[in-house]
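For reference, the structure is listed below as structure tokens.
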Amino acid sequence: MLMLALSGMRTRWITFVGSFVALALGVGLIAATGLALAATFDAPERVPERFAAAPVVVRAADHLRVDTPTGTRTKPLDHPGPVGPRTADRLAALGRTVEDRTFPADVTAAPTGPDAKAARTGADAKQPRTGPGTTAARTGADAGKSRPGQDAEARVGHPWPVAAAAPYGLTSGRAPAAPGEVVVTTRPGGAPLRTGDRVLVRTPAGNGPRTVVGTVAGRGFEDAVFFTDEEAARISPDIDALVVHADATAVRRALGPDSGMDVLTGHDRRRADPDPDRDSRALVSVNALLGTAAGITLFVSAAVVASTFSFAVAQRRREFGLLRTAGATPGQIRRTVCAEAVLVGVLASAAGVWLGAGGAPLLVGRMTGAGLAPPWFALGDASWPLHTAFWTGVFVATAGALVSCHRAGRTAPTEALREAAVDSRVMPASRWAAAVLVLLAGLGLPALALAVDPGDLLGRKSYITRPMLLVVGFALLAPVLVRPVGRLLTWLPARLPGATGVLVRENTAAGVRRTAAVAAPVLITVALAATLTGTVATLEEARAAEARTATTADFVVTSGQEGRPMAPAFVERARAVEGAVVSVSRSTAVTVLEEDTALVTSEARAVDPARLAAVSELPVTAGRLSDLDDGAIVVNEEWLTTRVGDRVTVWLGDGRKASLRIAAVLATGTGDNGVYVTRRNAGGAGVDRIDVKVAEGADRRAVAAALQSAGAATGTRVTTRAEWLAATGPGTNDQTRTGLRKILGIALLCTATALANTLVMATSDRVRDLAVLRLAGATAPQVLRLVAAEAVVAVGVGAVLGGVVAAVNLLVVWGALVLLGVMSAVVVPWGTLGLVVAAAALLAAVSAVLPASLALRTRPVELAGARE
């Protein structure tokens with residue numbers, strides 16, 4: 001059988017080259033994404049940074065620990081508490097301690113040029129003269145404003161004594177010794193600050209000019225400003241961490257087991273670094289993107305290979321009939337086809353692994369360049385993705401040929417005598433059964449989810465995997481659907497003058513297997529393109545609709561830097577604006593223990609209940625927002641307990657445990673309708689958003705001017721409601737769209753390979769038909785136009801079927817949104833679909849016309865007399 005398989009492959013090399021290329025490309029993509037995916041499983045192991053030279057670091061526990069019947073459960077805390085003064089005094093008795101405080105300290109460099117002499121007068125210079133054009137003139141209400149072209153550089157402040165814990169060492173100047181003196185870190189590409197510079201520093205305690213009396217070399221993990229210990233304590237009274245020069249065992253003994261403090265030594269000191277989990281968190285989206293890309297590549301490759309082998313077996317019907325006539329048994333025929341598949345699979349998989357190993361570094365480089373992965377992301381030394389890709393390719397090739405093997409073995413000897421141009425019995429009972437079962441699953445599972453948990457249909461995994469069942473179902477039914485859809489698409493061309501339209505219609509209906517093989521990859525790509533991009537766009541539009549409905553404020557104010565609290569000075573000035581109704585809120589989190597087994601954390605906002613109703617219209621389904629108080633909570637319908645008046649046990653953002661009464665319940669929506677508590681239950685969170693409503697009869701322009709003035713002085717972003725909605729509305733997440741484009745590019749690449757392969761195979765097999773047309777009087781251009789039109793119609797059939805799959809999936813998403821209380825339109829990505837279909841049609845036409853034009857160079861009489 002092996003020799004027969006090799007002989008068949010040598011004779012029909014065109015048939016197998018396409019399969020080889022398609023499979024090698026798929027294996028290469030799987031190998032490349034697999035190697036990159038393996039690098040996301042473990043974040044780089046970083047050593048301690050902030051406290052690398054500290055013997056012992058004490059800080060409040062940053063994880064919530066709850067004992068359950070099935071063990072202890074942990075969750076990161078949103079806002080760990082400070083180290084209390086009593087704890088600091090107790091530890092000071094053990095040895096020398098250094099208090100660390102961390103707070104925002106944004107720096108604006110003093111002007112250069114004519115004003116530089118007045119601004120830079122030496123480390124110990126007196127205050128420069130005041131007057132127009134001088135730094136000292138910019139104090140009071142205007143301190144912190146930067147001149148045109150001078151933006152505040154975001155930094156963090158610390159007391160100078162804790163600098164030795166990193167350790168930082170002076171590179172110039174001296175340590176700060178008096179209020180108004182600071183030491184700053186320097187780094188390549190940063191602001192060129194030098195000893196003696198006058199700078200404007202914006203802190204939570206206010207803004208003002210300060211003198212740089214020393215510099216230290218930056219260590220890469222932060223840009224810092226160091227103050228005297230006394231001034232840092234005035235700016236930020238809470239102690240964030242304590243460096244203790246004592247034995248760790250003695251420190252733990254002094255604190256006791258229930259102190260709520262963590263004693264960090266050795267490698268554990270990195271938990272006190274700025275955002276120690278940033279690397280792991282950065283890899284989450286990379287892992288999701290690469291996993292999705294690998295899954296879609298595998299799915300598309302398997303479908304393409306199965307379709308290719310199925311069409312190849314259909315083409316060789318007469319060949320198998322001759323083998324049966326010569327005495328070959330059905331088992332021998334099946335083993336021959338399987339041997340061919342295994343040979344192609346092994347060779348293509350080996351080539352694909354080689355391609356993937358070489359392409360993985362390029363993939364990682366493109367991802368880091370496009371911002372889809374952090375700059376430090378790099379390949380590891382894992383080799384298992386290459387082995388996995390190889391055996392996956394062999395399995396896909398073998399599995400894709402199994403059904404074709406069975407059909408090849410059923411070929412009767414009489415098939416050698418058949419010369420029918422019309423495909424018959426294209427759908428055996430087994431394929432009917434498989435198609436019906438897959439379609440029932442593809443439609444039944446979403447219907448069940450709509451009835452039980454509509455929100456589950458809006459998750460990434462759901463809207464990526466859900467279309468695949470429908471795609472498989474429609475692909476299995478393609479031979480039955482080709483004729484009616486083809487006749488629909490060719491109805492008008494068939495009624496135009498000339499014979500081309502009629503021939504296209506009849507050839508499409510007669511060559512069902514050929515048309516279905518061309519339509520299948522287009523069906524997959526169109527369905528995935530429309531579903532993925534359409535679902536993301538629809539969800540973005542739904543979130544925007546929710547925001548438009550929920551936010552009724554005239555102005556929305558947010559912090560100038562993401563993740564930072566708003567300057568207290570701005571909050572005070574905003575509350576004092578005449579004619580403004582100001583609602584101050586904080587972003588926090590609450591955690592509940594569900595079913596005594598799992599800790600579930602929900603995003604929450606701490607608000608003033610009396611002002612909330614003035615600036616928002618939340619989708620309340622039960623209870624009243626006005627009943628929210630320090631002993632109550634507002635939840636959404638995703639919570640297990642949603643009955644108004646019931647009490648729920650929650651842990652706040654700082655780890656405190658509280659029993660709160662449910663005051664109101666909100667509709668689930670797209671997931672952005674979170675939890676609401678009061679300021680008392682904010683868990684230490686700072687103000688990060690202010691909604692402002694202009695009071696009736698007040699001057700809107702005056703309110704806007706006052707807010708803008710306060711915002712400019714404190715680096716706070718003030719936007720109108722329309723500007724805020726535009727900034728957070730659909731299309732703002734470029735990273736998601738870039739990732740989707742890469743995934744769709746992979747699918748389109750596989751589709752292009754399959755289209756070219758199938759059409760080259762089909763056209764090469766029709767040379768006698770084309771010769772008959774030439775002998776009947778058709779010119780070569782007419783024949784080529786006919787071939788191109790048939791290819792385009794086949795692409796159109798696939799596009800229609802893919803559009804049906806996408807329509808069903810988008811309707812499921814829309815139905816889930818309606819059930820969740822969100823009334824929003826379905827967004828159809830017409831532009832993306834148009835590009836995909838146009839590219840497929842162009843490629844199909846070229847792939848069909850090119851072999852046809854080469855074949856037509858031979859005289860029609862010779863082609864008509866050719867035999868297989």
Aromatic plane relationship, Y168 with F221 - under 30° parallel, 30 to 60° tilted, over 60° perpendicular: tilted
Determine whether [X] and [Y] make a side-chain contact, defined as any pair of heavy atoms from C-beta on separated by less than 4.5 Å.
X: D106; Y: R564; answer: yes
X: T641; Y: E594; answer: no
X: V675; Y: V634; answer: no
X: S587; Y: R605; answer: yes
X: T716; Y: V557; answer: yes
X: M367; Y: L290; answer: yes
X: Y676; Y: S585; answer: no
X: R202; Y: L200; answer: no

Polar side-chain atom of D273 near backbone of P276 as donor-acceptor pair, under 3.5 Å: no
Whether D238 side chain and D240 backbone form a donor-acceptor pair below 3.5 Å: no
Partners passing side chain to side chain donor-acceptor pair (under 3.5 Å) against S280 (at least two apart in sequence or in another chain): none
Cationic N near anionic O, under 4.0 Å, D275 to R281: yes
SB check R269 E49 (cutoff 4.0 Å): no
Just wondering, more than 12 heavy atoms not from [X] lying within 6.0 Å of its [atom1]?
X: R575; atom1: CZ; result: no
X: D646; atom1: CG; result: yes
X: R278; atom1: CZ; result: yes

How close do [X] and [Y] get, counting heavy atoms only, and between which atoms?
X: T588; Y: A682; value: OG1-O, 2.9 Å
X: V692; Y: A553; value: O-CB, 3.5 Å
X: R586; Y: D688; value: CA-OD1, 3.6 Å
X: G711; Y: V718; value: CA-CG2, 4.3 Å
X: V57; Y: A54; value: CG2-CB, 3.9 Å

Under a 3.5 Å cutoff, is there a donor and acceptor pairing between the side chains of [X] and [Y]?
X: T211; Y: R198; answer: yes
X: D691; Y: S583; answer: no
X: R689; Y: S559; answer: no
X: T72; Y: D67; answer: yes
X: T649; Y: S659; answer: no

Option among R271, R59, H63 that satisfies the side chain to side chain donor-acceptor pair (under 3.5 Å) test with D262: R271
Result block: side-chain N/O donor-acceptor pairs under 3.5 angstrom for residues 87-94, not counting sequence neighbours:
from: R90; atom 1: NH1; to: A254; atom 2: O; distance (Å): 3.4

Pair V182-W160, side chain to side chain contact (heavy atoms under 4.5 Å, CB included): steps then yes or no: CA-CA 9 Å; V182 294; W160 170 250; over 6 Å; no
Verdict with reasoning, T215 to V183, per side chain to side chain contact (heavy atoms under 4.5 Å, CB included): CA-CA 5 Å; T215 62; V183 171; 5.6 Å; no
Test side chain to side chain contact (heavy atoms under 4.5 Å, CB included) applied to L628 and V607, step by step: CA-CA 9 Å; L628 177 64; V607 298; 4.0 Å; yes
Gap between atom CD1 of I690 and atom CZ of F570 - 0.5 Å precision: 5.0 Å
side-chain hydrogen bond (donor to acceptor under 3.5 Å, both in side chains) between T678 and D630, worked out: CA-CA 6 Å; T678 60; D630 289 342; 2.7 Å; yes
From CA spacing to verdict: side chain to side chain contact (heavy atoms under 4.5 Å, CB included), R194, V212: CA-CA 7 Å; R194 297 186 294 272; V212 177; over 6 Å; no
